[in-house]
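Reading through the structure tokens given below for one structure.
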Number of protein chains: 2
Amino acid sequence: MLESIQSINKSRKDIIVEEAATLIMEKGYVATTMRDLAGRVGIEAASLYNHIKSKEQILGEICFSLANKFTTEMAIIEVSNETSIEKIKKLIKLHVNVNTESASLASVMNDEWRHLSEPELSSFLALRESYENKFLIILNEGIINHEFRAMDSKITLYSMLSSIRWLQHWYTNEREMSIENIQENLIKLLLQGITI
Amino acid sequence: MLESIQSINKSRKDIIVEEAATLIMEKGYVATTMRDLAGRVGIEAASLYNHIKSKEQILGEICFSLANKFTTEMAIIEVSNETSIEKIKKLIKLHVNVNTESASLASVMNDEWRHLSEPELSSFLALRESYENKFLIILNEGIINHEFRAMDSKITLYSMLSSIRWLQHWYTNEREMSIENIQENLIKLLLQGITI
DNA sequence: CCTACCGATCGGTAGG
DNA sequence: CCTACCGATCGGTAGG
């Protein structure tokens, strides 16, 4: 009984990590203090350490939870029997979803990963590199298929990932546009460009 | 005589600001200490204050020097009698140039401006908003001209700016591609997309 | 979960 | 440009 209630409700630790993500998005990791975080949660700074081991552990949990999500989703798209265009559309939608629905997590992972220390730093970079390689393979297959034009796929990869990233900061303030509408706009922009 | 030599050579202050930009790009503004910076310059931390007033003054000089450059270049493009497509191409080239040739300045301005305090913070944001508005007007004119397709120009604006920004981090390490080649690739990607 | 506290380090100053 | 130093604040611990 108690367990089922606890699994439905957020644990204190979940709340701490969630508030930390918001705070780190706003001020940056180094400028965010444990006293700031404690204030948001409504306890004293020393009490945080009953739920978490260190400031860096929080950063690690945020980075890896999202990195793992991307890895999982990529694995599904990778083995699907779809055209390269369809795979890229799904990846664009995935990135739009994460950067809007989980804006604070995405912001922390993208902007603050360098403050991880070893061995977490290397693990994280390995996950990221593996993800980017799989993305690159999809783009290259599309070129061979003649679904995409000849292009430097590395430039395209980084531009695509980067072009969706600003949603982190924008969508937090301006929410009048639906996620579906944003997805459509970005898919058209990246697949067809802006000219007629 | 002495003056002309000093105006040709970099002043100590120029060196300090330059090293600061590199260091802040690597570690972030808050994590960069005056002792780090002094070490790079080859003096003691206290000696920095003979050339600069505060840590934040350095941040301000970097942000505003680059913001002013963008403002100046935009003013030239704005009044030119060119097609919307040509104006956008020139803006893409401008952003590619800044993000490669002045990668550390661009990195600091884009990622660390929020650590400015008032009144510099508001001044900076005003410059940025003015720049973005002029960029937006060019996109909207292109839509009215039928040079560009109907689209959400705000999404396009931020995606374009964001998509060029990753060059800051990439070009520092991988320089085998010429700037002209990068410009061409990005212009094609943003104007025509990736499909055939 | 709190009070009380610690060693380390920060940006910056005084004085030469 | 350096030595010597300062008040503030940091992440984190001891003990209850």
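Chain letters run A, B, ... following the sequence lines, proteins first, then strands; residues in each count from 1.
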B/E61 with B/K13: basic N within carboxylate O range, under 4.0 Å: yes
Between A/K69 and A/E73, is there a salt bridge with N-O shorter than 4.0 Å? yes
ring-ring contact (aromatic ring centres under 6.0 Å, His included) partners of A/F135, counting only residues at least two apart: none
Specify the residues of residues 44-65 of chain A, ordered by number, for which at least one heavy atom lies under 4.0 angstrom from an atom of DNA chain D. A/A46, A/Y49, A/S54, A/K55
So where does chain B start and stop touching DNA chain D, 5' to 3', when the test is distance under 4.0 Å to a non-hydrogen atom? D/dC1 to D/dA4
Taking side-chain contact (heavy atoms from CB on, under 4.5 Å) as the test, write out the residues that go with [X], two or more places apart.
| X | answer |
| --- | --- |
| A/S54 | A/E56, A/Q57 |
| A/A31 | A/K27, B/V30, B/H115 |
| A/S178 | A/E180, A/N181 |

For residues B/M177 and B/Y171, report the shortest heavy-atom separation together with the two atoms involved. O-CE1, 3.7 Å
Which dot-bracket string describes DNA chain D (Watson-Crick N1-N3 plus N6-O4 or O6-N4, or G-U N1-O2 and O6-N3, all under 3.5 Å; [ ] crossing; | other strand)? ||||||||||||||||
Using a 3.5 Å cut-off and no angle test, enumerate the donor-acceptor pairs between side-chain atoms of residues 122-130 of chain B and protein atoms at least two apart in sequence or in another chain.
from, atom 1, to, atom 2, distance (Å)
B/S122, OG, B/E118, OE1, 2.8
B/S122, OG, B/E118, OE2, 3.0
B/S123, OG, B/P119, O, 3.2

In chain order, what residues pass the salt bridge (Lys or Arg N to Asp or Glu O under 4.0 Å) check against [X], with sequence neighbours excluded?
| X | answer |
| --- | --- |
| B/E82 | B/K90 |
| B/E18 | B/K10 |
| A/R40 | A/E26 |

Can B/N50 and B/S47 be counted as having a side-chain donor-acceptor contact under 3.5 angstrom? no
Sorted by number, residues from residues 20-34 of chain B placing a heavy atom under 4.0 Å from DNA chain C are B/T32, B/T33, B/M34
